[in-house]
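Contents: one structure, followed by commentary.
Here the structure is a predicted model, which is why all the values come from computation and not from measurement. So you know, we letter chains A, B, ... as the sequences are listed, proteins then strands, and number each from 1.
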2 protein chains.
Amino acid sequence: MTATPTPRVTIKDVAARAGVSKGAVSLAFNHKPGLSEATRDRIFLAARELGWSPSLTARTLAGSRVDVVGLAVCRPARALGLEPWYMEFVSGVQSVLTEHSSSLLLRLVRNMDEEVAVQEAWWRGRQTGGSILVDFRADDPRVAMTERLGMPVVAVGHPSLTGGLTSVWTDDATAVTEAVRYLAALGHRRIARVGGAADLGHTSIRTAAFDEAAGALALAGAWQVATDFSGEAGARATRSLLTAAPADRPTAIVYDNDIMAVAGLSVAAEMGLRVPEDVSLLAWDDSQLCRLTHPTLSAMSHDVHGFGADVARTLFSVITGGEGGSHPVPTPVLTPRGSTAPPR
Amino acid sequence: MTATPTPRVTIKDVAARAGVSKGAVSLAFNHKPGLSEATRDRIFLAARELGWSPSLTARTLAGSRVDVVGLAVCRPARALGLEPWYMEFVSGVQSVLTEHSSSLLLRLVRNMDEEVAVQEAWWRGRQTGGSILVDFRADDPRVAMTERLGMPVVAVGHPSLTGGLTSVWTDDATAVTEAVRYLAALGHRRIARVGGAADLGHTSIRTAAFDEAAGALALAGAWQVATDFSGEAGARATRSLLTAAPADRPTAIVYDNDIMAVAGLSVAAEMGLRVPEDVSLLAWDDSQLCRLTHPTLSAMSHDVHGFGADVARTLFSVITGGEGGSHPVPTPVLTPRGSTAPPR
DNA sequence: ACTCTTCACTGAACCGGTTAAGGGAGTGCG
DNA sequence: CGCACTCCCTTAACCGGTTCAGTGAAGAGT
């Protein structure tokens, strides 16, 4: 990238116009004491007239804060776009960043090594003042990286995965248990779960919780399948679960996100099974999608937007040296809609 | 945001360790001529040993390029996340940015004034080296802003909306015409369109094209409704279109995005209408959603990922002073699936 | 033997801010 | 009148790179 054709106006120009030194302008714009009201006004007037605002780059270099928060998201090559969850999450993060007039540096990476490299480069290069880390897996290399760099971060994930990092998490185990109990209470004895990517930490947590809940309730059948979170994978998993003989197949299926649940719904339709009469479906991550299908999808819903906002707020507190403040967000609550009912 | 606890390693440290001057290190890391192979190697070795990588901030300040591309997206307050289209678009943009090892600065703004302010601050503050501008409307203030600032941008939108800016666009008019002709060819004489936000430029273009196509084909009925692109709005619009007496209601509906089409599909189901026997549905922006419903949704499909990549490539060419190179991307093509058929 | 190039590298200015130390004017006080 | 103390503001160093004129040594040309 090359130079700009624009004659840039700098602090020097403002200082000259206001008849003061660069330092004075700096003081004024940082609302620091040591300037008379009159001078301050003169400086702001000059700045306004010249259309000047301080260069964040120079400001950053000069050693003050960095008003950018980093977020790297792992996606396989040529991703088909992000899931609704991410969108809502990002939107929540942004709502808080905006209040602090800082921005989000977003990067899609292909694997963990790349993410580590990117985060390190961002931090080393003072591109970001901190990062939000998502999608933790077992023995996540980012824990060590963060500690080595001394970089302020907030980890989105259960403390068992995020080591000593400040983290904000959803109590997936409890939510899974609640989902299974709910279905069991409706009378389901054969329940399946179409899970997310097996290498993700929260998937393992949900898998373990599902097993435990199934055991505790002495279900007659409990299946779990791992996928990649895509609609296609969800459809495939559903198809294979439902092709068994009626007496052997699950009467209820829990999905790890809403895209897969939607896919499952259409697979059921395509196989001539009625929802919820023949099979109950329960989604996760309640986005607007769940309310658009027919029947509407029951879901474990949570305030993803609020989650993102909470994470961003926590990051700011970490950056400003506040108390770490790891904490869970409210556990997803079951929102029954049209896709769940007692088995026939 | 406050200081970092990390002892930062700078170019000076690397220079000292390699026994050369700062300038030499700079030359090496920018692959500029004037250094012997031996020295170059020594410098890289030293850098590797110290774990140093150049500070982008300092590099930017020193007047070379800025490796960040800005994208501000207008969303109403507390957005429910972005549409699939944006996700795919962003993902395509990223794929190209990654090759140039630059990043995306993403910001959700609430209105046009805020976007203008953000873009200006980014550019003035040398936060970005250029921007991608989306969602053009008539008399868009960003055209003037861009020219005033001399900022490199690529506008996503038809040249009639983007003034003299370098732009990349989809030929919406032709696509709409094709969609209407297709439905007419199936035998539909009463066609409706559930459009997007009325203030968006491409919505107007589609609206005009729809009117024209309807007129040219002398359709018996042609309706158009504006929405906000949300599933809820799509459902509402569909409901009101389909409540008319069978002889007076549309037999085919075109939607401006896929979320609304999915919503429309479930409204039809809820009203006891069969798709495509009673009503044909045609979506826009073919994301994976369209393949997940039952029946699958016919769509005007388009390589959104590739579109994003194209836009990013064009931006790089603008930034490096290449020929503007405004151009259209391939017109969306009709992908017939299960939701369209001749009327009963 | 002497000048001319070329090559490899250094030194210093500079980018646009921040910040600590310092200086001059005005006031209070002995 | 002299001294200390504020209050405002300036000066200059610094952040971590880039860039360019310039230097010194080796090799080429005559």
Side-chain angles (χ1 to χ4, degrees), chain A residues 1-4 6-43 46-47 50-67 121-127 129, chain B residues 1-4 6-43 46-47 50-67 121-127 129:
Chain A
M1 308 198 183
T2 53
T4 151
T6 321
R8 299 238 181 210
V9 24
T10 77
I11 198 175
K12 213 184 307 178
D13 305 317
V14 176
R17 185 173 243 274
V20 296
S21 67
K22 293 200 308 175
V25 177
S26 178
L27 292 182
F29 266 76
N30 290 306
H31 302 103
K32 295 204 173 174
L35 288 183
S36 66
E37 268 312 306
T39 311
R40 214 174 276 276
D41 290 347
R42 212 148 27 88
I43 291 174
L50 266 46
W52 177 80
S53 54
S55 153
L56 285 193
T57 308
R59 194 173 252 191
T60 299
L61 183 54
S64 47
R65 90 256 89 209
V66 179
D67 287 322
W122 278 348
W123 175 247
R124 284 229 146 87
R126 278 178 161 281
Q127 289 253 94
Chain B
M1 306 200 180
T2 54
T4 152
T6 322
R8 300 235 177 213
V9 24
T10 76
I11 198 174
K12 213 185 305 179
D13 305 317
V14 176
R17 185 173 241 275
V20 296
S21 67
K22 293 199 309 177
V25 177
S26 178
L27 291 182
F29 266 77
N30 290 307
H31 302 104
K32 296 206 171 170
L35 287 182
S36 67
E37 268 312 307
T39 310
R40 217 173 273 278
D41 291 347
R42 215 148 25 87
I43 291 174
L50 266 45
W52 178 80
S53 54
S55 153
L56 285 193
T57 307
R59 195 175 252 190
T60 298
L61 183 54
S64 47
R65 93 256 87 211
V66 179
D67 286 322
W122 278 348
W123 175 248
R124 284 230 147 87
R126 279 179 163 280
Q127 290 254 91

Between B:Lys32 (NZ) and C:dC7 (C1'), how many Å, whole number?
18 Å

From C:dG16, C:dC9, C:dT19, pick the nucleotide closest to the side chain of B:Thr39?
C:dC9

Side-chain N or O of A:Ser21 less than 4.0 angstrom from OP1 or OP2 on D:dT10?
yes

The side chain of A:Asn30 lies closest to which of these nucleotides: C:dT18, C:dG16, D:dT10?
C:dT18

Using every non-hydrogen atom in the two residues, find where B:Ile11 and B:Trp52 come nearest and quote the distance to one decimal.
N-NE1, 3.4 Å

Is the phosphate of D:dT18, meaning OP1 or OP2, less than 4.0 Å from a side-chain N or O of B:Ser26?
yes

Return the nearest nucleotide to the side chain of B:Ser36; candidates are C:dC9, D:dG16, C:dT18.
C:dC9

Selected nucleotide, minimal atom distance to A:Ala24 side chain, candidates C:dT19, D:dT18, D:dT10:
D:dT10

Proximal nucleotide (of C:dA8, D:dG17, D:dC15) relative to the A:Leu61 side chain:
D:dC15

Of the nucleotides C:dT19, C:dC15, C:dC9, which has the atom closest to the A:Lys12 side chain?
C:dC15

Any A:Lys22 side-chain N or O less than 4.0 Å from OP1/OP2 of D:dA12
no

Over all atoms of both residues, closest heavy-atom pair of B:Val9 and B:Leu50
CG1-O, 3.7 Å

Residue A:Ala62, side-chain heavy atoms: nucleotide from C:dC9, D:dG16, C:dG17 that is nearest:
C:dG17

Closest to side chain of A:Ala58, choosing from C:dT10, D:dT18, C:dG17
C:dG17

B:Arg59 side chain near B:Asn30 side chain, heavy-atom distance below 4.5 Å:
yes

Taking 4.0 Å as the cut-off, does a side-chain nitrogen or oxygen of B:Trp52 come that near to OP1 or OP2 on D:dG17?
yes

Start at the 5' end of DNA chain C and walk down; is the nucleotide closest to B:Leu27 or to B:Arg124 reached first?
B:Leu27

Verify whether one side chain among A:Thr39 and A:Ser36 offers a donor that lies under 3.5 Å from an acceptor in the other.
yes

Categorize B:Val25 for me: base, sugar-phosphate, or nothing, with a 4.0 angstrom heavy-atom threshold over every strand shown.
nothing

